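So the structure is just underneath, and the comments pick up after that.
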Protein chains: 2
Amino acid sequence: MTSPTGRQPTLDEVAKLAGVSRSAASRAINNAAHVSAANRLAVERAVRELGYVPNVTAQALARQKVGAVVLAVSDHNKELFGDPFFGQIIAGVTAALEDTDLDLKLLLCHPERGHDRVRRMLRPPRADGIMVMALRGDDPLQRMVEKSGLPTVYGGLPLHGQPEWFVDVDNRGGARVAAEHLVSLGRRRIASIAGPADTHVAVARLDGFADALSVAQLDHTLVEHADFTREGGAAAMERLLEREPGLDAVSVASDNMAAGALQTLLQHGRRVPEDVAVVGFDDLPIGHLTQPSLTTIQQPIRSLGYEMARLLLAVVDGEKPSPLLLPTRLVVRESAPARVSLAAS
Amino acid sequence: MTSPTGRQPTLDEVAKLAGVSRSAASRAINNAAHVSAANRLAVERAVRELGYVPNVTAQALARQKVGAVVLAVSDHNKELFGDPFFGQIIAGVTAALEDTDLDLKLLLCHPERGHDRVRRMLRPPRADGIMVMALRGDDPLQRMVEKSGLPTVYGGLPLHGQPEWFVDVDNRGGARVAAEHLVSLGRRRIASIAGPADTHVAVARLDGFADALSVAQLDHTLVEHADFTREGGAAAMERLLEREPGLDAVSVASDNMAAGALQTLLQHGRRVPEDVAVVGFDDLPIGHLTQPSLTTIQQPIRSLGYEMARLLLAVVDGEKPSPLLLPTRLVVRESAPARVSLAAS
DNA sequence: CCAGAGACCGGGAGCGCTTCCAGTCCCTGG
DNA sequence: CCAGGGACTGGAAGCGCTCCCGGTCTCTGG
């Protein structure tokens, strides 16, 4: 009833009702300068009366910006979709966008299909900026993102190249702490189950593992790669046991894989943590359920999303913010408790 | 280099290069009628040469549509964010949108904060249609969605009201099958851990439970509610054991809660499935990890997303599609195996 | 008393596209 | 041979907003 026509009221109608020009109304609404107090008030009243909401599309066209940012994710990545990661990232991003009036668009990129769609989407002016996550080594998404020329923030580093803006978790540091924990427990034959070699996160965690073992002057070559899934972790554990039946600890690059490794260890009659201590990475809910519960490295997933979005907002505003490295934290549970006497072998 | 100016080429430039009017170019590009074969070809070449991509914003303004749909989710809902649900829904939706040139916007609605943001977003013309999920009983999001007047598809029914278009999982049927399974195992004192009473999904699953027990002429009032979390499930199981120490089966409305219930049962010295058989709901990965593994009801999450989007597309196109109820399936694992002799009590 | 600096105002030209419409042209059937 | 119906064409009017800019008005300081 408030709007004369059935459609949404337009700026013109507001201006007319307020008795000012459209320009003045526009200024008042975007509270820019050069509007008298009286007119500002009149416009505000008209806005309220009509229930006026600016037409974002028209704004976008006139301002030459879109009013939306996109979160692009490679969806071959079990890492994000088998886990609760995704929801948390989104929650963080949303929180950062909360008082921004920017919309969040989602772009899932199948590595093979849907390239056209991605390309169209990334082509300006379909978004004002882009957050990109979970890239693989030679991900076509990365190229498309780079070609788009849009302000871009990486969530987690890509394998190749050093982007100007990114937010990452301190994977290397976290993995180092995990391995140090095992060393401090007196373990000497320490293996690792690493992630896929074509992801930066896997490489960084493996580096951290190597860092710690090198300092302790231990061998750090007892490594098997897997794909971040439970099944993959179980299989990798099999291979490790075959290579080195006498291993007394294993640092696993994800909780999912650690859960699989745990199963394999138990199947092979190893007691955890007495015979083999295990630490995971991620701190997923799953870590509470394994038998025994999982010592792991906690990473701030929600913050990752939040900081990505904040960084992007800054970049879009023309600032030159610094990249961010978020801290991790050791969470000690049963699979590698603080002090446990090494079982006599 | 292809574009004369640094900016994206416009339709005018395409038309000029092709030697036709802008109208003709537009028609050719949207392959509408009334374009000669020659002109169509010329336009296509010009498009290719210039690397022209239509400006969606301008299209949106002229066409009076946005070119995007929104997925709105209430984020108080652990159900979606503690689980891998979310990623799968998104994957399904994306698949359905794949060859549509519609963008997917995401709207997370904190039940208390951010109402303005939601309202702005839902106000046309910020999206052409809306999918809404995970509503609670008196969810403000539902009111806002209804007031928006946008074509709406519900993913999962709301507690109140019967929306014209929805896609839901056959929760009632699934829960009935779960309970029937327990009955068929010879269990007679069957309890249930239900979800929050202010969600339709919880109510439906509880109804299904009651359906089955009524047919079997068993008491179906041994019910405790919880919040779909593991901790909640564990606590509810405590209460059930207190009320009825002699229960021999429990049907749990989610795998997460079932995992918690399992822990409680073991703590109380109950053997599963010998003393108490347990079935969950959802078929999350977690069900493989519990000790024993979890018999559960599988629901097609990805399909839910896919069908929601398909339905929405139909509605947006002015069709009147039918709502959908997706089937569930019993997955038998250790916590309630096909045949197990009831332990002598 | 007057020049000049602001504050404020509204007209109007876009932003890039769609779409209506009046006008051509050609080709058919009577 | 001619009327009439398509197929095709391009001009022009939007879609709803922003923002530049020339203009008015007021107030200050010299």
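Here the structure is a predicted model, which means the values were calculated and not measured. Proteins come first, then strands; the chains are lettered A, B, ... in the order of their sequence lines, and each starts at number 1.
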Under 3.5 Å donor-acceptor, [X] side chain and [Y] backbone:
X	Y	result
W165(A)	S322(A)	no
S303(A)	I301(A)	no
K105(B)	R126(B)	yes
D128(A)	G67(A)	yes

Return no unless some side-chain N or O of N39(B) is found under 4.0 Å from OP1 or OP2 of dC8(D).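 Answer no for this pair, as no side-chain N or O of N39(B) is under 4.0 Å from OP1 or OP2.
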
Using a cut-off of 4.0 Å on non-hydrogen atoms, how would the nucleic acid contact of T10(A) be classed: base, sugar-phosphate, or nothing?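 Answer is sugar-phosphate: T10(A) comes under 4.0 Å of backbone atoms only.
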
Report the distance from atom [atom1] of [X] to atom [atom2] of [N], rounded to the nearest whole Å.
X	N	atom1	atom2	answer
H34(A)	dG23(D)	NE2	P	17 Å
L61(A)	dC17(D)	CG	C1'	8 Å
K16(B)	dG10(D)	NZ	P	15 Å
L11(A)	dG12(C)	CG	P	17 Å
I29(A)	dC17(D)	CD1	P	8 Å
R63(A)	dC20(D)	CZ	P	13 Å
R126(B)	dG16(D)	CZ	C1'	15 Å
K65(A)	dC19(D)	NZ	P	10 Å

Pair listing, side chain to side chain donor-acceptor pair (under 3.5 Å) test, anchored in residues 51-65 of chain A, at least two apart: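 Qualifying pairs: N30(A)-R63(A).
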
Select from Q64(A) and V20(A) the residue whose nearest nucleotide in DNA chain C is closer to the 5' end of that strand.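 Its nucleotide being nearer the 5' end, the pick is V20(A).
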
Minimum heavy-atom distance [X]-[Y], with the two atoms named:
X	Y	value
E164(A)	P323(A)	O-CG, 3.5 Å
L141(A)	C109(A)	CD1-SG, 3.6 Å
H34(A)	R27(A)	O-NH1, 3.2 Å

Go through dT18(D), dC17(C), dC8(C) for me and flag the one nearest to the N55(B) side chain.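 Closest nucleotide among those given: dC17(C).
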
Which pairs, protein N/O on one side and nucleotides 11-14 of chain D N/O on the other, fall under 3.5 Å?
from, atom 1, to, atom 2, distance (Å)
dG11(D), N7, S23(B), OG, 3.3
dG11(D), O6, S23(B), OG, 2.8

Does the pair R310(A)/E307(A) count as a salt bridge with the N-to-O cut at 4.0 Å?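 So R310(A) pairs with E307(A) through a salt bridge.
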
Taking for each residue the nucleotide of DNA chain D with the nearest heavy atom, is it G19(B) or Q59(A) whose nucleotide lies nearer the 5' end?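 Here G19(B) is the residue nearer the 5' end.
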
Bend angle of the helix from dC1(C)-dG30(D) to dG30(C)-dC1(D), from helix axes over five pairs at each end, nearest 10°: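 The end-segment axes of the helix from dC1(C)-dG30(D) to dG30(C)-dC1(D) are tilted 40° relative to each other.
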
